[in-house]
Amino acid sequence: MGDYISKSKNNNNLSFKVEKIMKELNNLYTLRVFEDRDPYRVLIRTILSQRTKDANTDKATNQLFSKYKDIHEVADAPIEDIEKLVKSAGFFRVKANRIKEVSHIILDYYGGIVPNNMKELLELPGVGRKTANCVLVFAFQEPAIPVDTHVHRIPNRWGIVNTKTPEKTEEELMKIVPKNLWIDMNDLIVQFGQTICRPLNPLCEECPIADLCDYYNTNFL
DNA sequence: AAAACGGGGGC
DNA sequence: GCCCCAGTTTT
């Protein structure tokens, strides 16, 4: 009983901290609205983005879809052609294969419609929790928290979670982050992680939310 | 839980 | 050349 109360109180404090942080990030960055919310293209773009920087993802995605207009054309394309088009995303052989496989599965089993639920998305080859959550958020605007390396590392630095695995991070974040912030969270944290809160040598001296950060307060004060 | 997998780009 | 980087799959 007492345990429940103190835990819930603790969560409220953390939620308050999260809200302050997210408000700051919102001031700092422009939300990158996906100009294209077409579920198929979001799915393919997200697969191409795995372990890959934005610029290279964009290049590969644009090259692919400037040649092929829709899922049918991608599914029918020779694998070598897809490989060439998505080369700049890296891991291009695996990704080209998965893009083709995924396209065929969606055509054969889902009538060409990308599934809009976690269970079916996870059954697609090359789609894990992060990619599935990206599709849910960016294409279907369902509240979810895609946890990539940034979204795993940074909340741990802030001290709002203390987790070893991305799965655990997602679980903990869903408990303490107000639901209305879920959709924006990944994009804002990723931008923050690319510019200031980098994996190595974070720019804490320039960080506008250092005062809210456990990592900074532990290491620099 | 940890290792394997798998390439471009920056320096 | 070396090292980093918006994961997924297999052991």
Side-chain angles (χ1 to χ4, degrees), chain A residues 22 25 28-37 39 41-64 79-103 105-106 114-115 118-139 144-158 161-173 177 181-203:
Chain A
M22 292 296 283
L25 293 186
L28 210 51
Y29 304 105
T30 308
L31 225 39
R32 294 172 297 184
V33 181
F34 274 39
E35 66 297 334
D36 188 359
R37 292 192 183 279
R41 286 192 290 269
V42 170
L43 171 61
I44 299 304
R45 186 192 189 285
T46 309
I47 289 174
L48 287 172
S49 81
Q50 291 165 2
R51 306 280 296 155
T52 303
K53 292 174 188 168
D54 276 341
N56 302 329
T57 302
D58 289 341
K59 189 176 170 191
T61 307
N62 291 337
Q63 288 185 160
L64 183 69
I79 193 68
E80 302 79 22
D81 291 4
I82 299 179
E83 287 181 1
K84 284 196 192 75
L85 293 169
V86 304
K87 192 169 187 307
S88 65
F91 308 117
F92 61 88
R93 289 195 189 85
V94 184
K95 287 177 181 176
N97 267 304
R98 286 174 175 168
I99 285 169
K100 203 167 154 67
E101 280 182 70
V102 159
S103 302
I105 293 171
I106 292 173
V114 176
M118 175 63 73
K119 181 178 177 299
E120 291 177 333
L121 284 168
L122 284 179
E123 288 169 1
L124 300 172
V127 176
R129 277 201 81 80
K130 185 265 179 182
T131 301
N133 273 329
C134 279
V135 172
L136 292 176
V137 169
F138 296 131
I145 305 179
V147 177
D148 50 51
T149 53
H150 293 301
V151 179
H152 177 60
R153 175 184 75 259
I154 293 174
N156 272 288
R157 280 187 180 160
W158 288 336
V161 300
N162 183 5
T163 52
K164 282 308 214 181
T165 66
E167 291 74 18
K168 199 69 186 166
T169 303
E170 185 186 339
E171 189 184 326
E172 294 300 309
L173 285 176
V177 178
L181 300 179
W182 289 11
I183 286 181
D184 298 346
M185 186 162 200
N186 174 276
D187 187 36
L188 291 175
I189 291 183
V190 167
Q191 294 191 56
F192 180 56
Q194 289 174 337
T195 53
I196 296 171
C197 199
R198 305 180 304 197
L200 259 31
N201 309 313
L203 304 178

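All chains are named by letter (A, B, ...) in the order of the sequence lines, taking the proteins before the strands, and each is independently numbered beginning at 1.
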If I take atom [atom1] in residue [X] and atom [atom2] in nucleotide [N], what distance separates them, rounded to the nearest angstrom?
| X | N | atom1 | atom2 | result |
| --- | --- | --- | --- | --- |
| A:Lys87 | B:dG6 | NZ | P | 16 Å |
| A:Lys53 | C:dC5 | NZ | P | 8 Å |
| A:His152 | C:dT8 | NE2 | P | 14 Å |
| A:Leu48 | B:dG8 | CG | C1' | 13 Å |
| A:Glu167 | C:dT9 | CD | P | 12 Å |

Among residues 195-202 of chain A, which ones have heavy-atom contacts with DNA chain C below 4.0 Å?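 Heavy-atom contacts with DNA chain C come from A:Pro199, A:Leu200.
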Scan residues 90-103 of chain A against DNA chain B and write down, sorted by residue number, each residue with any heavy atom closer than 4.0 Å; if none is found, say none. A:Gly90, A:Phe91, A:Phe92, A:Arg93, A:Val94
Counting only non-hydrogen atoms, which of residues 121-132 of chain A are less than 4.0 Å from DNA chain B? none
When we call it a touch if two heavy atoms are under 4.0 Å apart, what does A:Asp54 touch: a base, just sugar-phosphate, or nothing? base
Using a heavy-atom cut-off of 4.0 Å across all strands, would you classify A:Ser49 as base, sugar-phosphate, or nothing? base
Can we say A:Arg45 and A:Asp36 salt-bridge, meaning some charged N sits less than 4.0 Å from an Asp/Glu carboxylate O?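 Salt bridge between A:Arg45 and A:Asp36, a charged N being under 4.0 Å from a carboxylate O: no.
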Return the NZ to CG distance between A:Lys59 and A:Leu85, rounded to the nearest 0.5 Å.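 A:Lys59 atom NZ to A:Leu85 atom CG measures 11.5 Å (nearest 0.5 Å).
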Just checking, is any N or O donor in the side chain of A:Thr163 or A:Thr169 under 3.5 Å from an acceptor N or O on the other one? yes
